[in-house]
Number of protein chains: 4
Amino acid sequence: MGSVSSCSYDTRTAVLTNRQAVRIAWGDCDAAGIVYFPRYFEWFDNGTHALFDKAGLSFAAMTHLYPGVAIPIVTTRANFILPSTYGDEVAIDTTIVRWGRTSFDVQHRLLRGEELAVECFETRVWTVRNSEKALEGQAVPAEVIERFRADN
Amino acid sequence: MGSVSSCSYDTRTAVLTNRQAVRIAWGDCDAAGIVYFPRYFEWFDNGTHALFDKAGLSFAAMTHLYPGVAIPIVTTRANFILPSTYGDEVAIDTTIVRWGRTSFDVQHRLLRGEELAVECFETRVWTVRNSEKALEGQAVPAEVIERFRADN
Amino acid sequence: MGSVSSCSYDTRTAVLTNRQAVRIAWGDCDAAGIVYFPRYFEWFDNGTHALFDKAGLSFAAMTHLYPGVAIPIVTTRANFILPSTYGDEVAIDTTIVRWGRTSFDVQHRLLRGEELAVECFETRVWTVRNSEKALEGQAVPAEVIERFRADN
Amino acid sequence: MGSVSSCSYDTRTAVLTNRQAVRIAWGDCDAAGIVYFPRYFEWFDNGTHALFDKAGLSFAAMTHLYPGVAIPIVTTRANFILPSTYGDEVAIDTTIVRWGRTSFDVQHRLLRGEELAVECFETRVWTVRNSEKALEGQAVPAEVIERFRADN
């Protein structure tokens, strides 16, 4: 599977999604009584890891299959649309919406019922530790991308 | 001072900046030994609060001068350029780079010596709690903007 | 029900317990790859809140039934017996093991399978905000204690 | 210096202390507007690390001098006496109050001006990774203990 086709298939219908339920805890909220926004990024990071798990690429599996691999985040942006507060039950849907040659974009949608409350996009790079112990961007293996199809 | 002139003066040379020294703690790092990225947002949020303090707008002063005011974050984006690790001493420069009518953009630059390691922009809205207890965007008072000139 | 009898019944068999499942996240771990210990206290605090929820005393219910009530923690102690790491699935059992007149002790047991990995005891006080806006310790209402019997 | 004399000298007057200034940040507080207690443990952990730094035992120095060493926490207990809130400036004094053969006790005192607001004791063990990659308690080297005398 080439990167062209992987980029062009409809990500809205065909890709693997991880749904994470979060119950807002007392300590997630700030003195205004709403979620302290850095917390969202913890849950989004958890979402990316959980999505890889679901694709059969747990940390242990990743390390076994691709020694020295890491997927550092290089950029993130988030829109905070609706606040959440202590005791709220929300869901976070995480999916990969773009595969580049060495990078990929992850989308996180935090939902309050049907409403989108926070939306986040992050770009990560597929890197492998080289002989000089530096992380080096490399082409994402086609079989990795394949694992994120929904029918896996 | 009207909002037009406040928007057009050169923010690069003339505006108030807060410099925050951060020594990376053991607990700021993840299992890869580098700063767990949600932590950056905690420091950036601290930077915005510290900048307002420096402008004479501590939380107490804000609440006294502008009852019911809040400056919620509506969007943020960050670029992670260089990682930092336990024991590193970094500096975070925070400044307001744009004043809109009801919103403003804050820039955070995390520096390792002379090098830019993380860059973040956030947009916040000047809101006041109305009689229905809802937060309502309002025009940023001109005297607030004036406080963020560097010669204050 | 008097406080004497409430103190003396066998807490091991008769009291309400909350079981919380926690999957250790990447960001829960420090640079040594094991859970950064302050995190445990977040989960234990969540456990206490969840136990009160389970007893029908959600934050909203508490505030409704006992205006101005709060249950601040006054002391905590924990023993870290076995470390946990990224991806581990653990369970935290939370129960109230002692009712005093104005205070009570909560026990948290973090289990890895059958093994006790972390044990924590916290003492909290039943306080009500008085007319001077200060928190004042008061006798725990008997009907509150009653709610934490297991057969509720 | 033998371990007997190191244990018996008066720790109250003679030992190295680290003072850490903390300004309570917005995100350190919970929905009740006071410090969310797990945060205290982050600062206390930072205090222990800073004390070792001050004794000339930074993480890098430790690892160089004592390959495979770690000082995991095995127990902690804290008393929360006075709350702190956003904007408060507090100080945390950290010192080692007991040296055992393989373990030692660290005391943290969080002060609001002259008043003790939070007090914490933690016990840590001097461990070295053995050939089976397990952490093994070992006698604390006498020259390590010596470094925590105040006249260093």
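Residue numbering restarts at 1 for every chain, and letters A, B, ... go by the order of the sequence lines.
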- request: Tell me, yes or no, whether the heavy-atom count around C:Glu143 atom CD, taken from other residues, nucleotides or ligands under 6.0 Å, exceeds 12.
  value: yes
query: Quick one: CG on C:Asp30 to CG on B:Asp28, what's the gap to the nearest 0.5 Å?
result: 11.0 Å
statement: When the 4.5 angstrom heavy-atom criterion is applied to C:Tyr86 and chain B, the contacting part is neither
field: Nearest heavy atoms of C:Ala31 and B:Gly33, plus distance in Å
entry: CB-CA, 3.9 Å
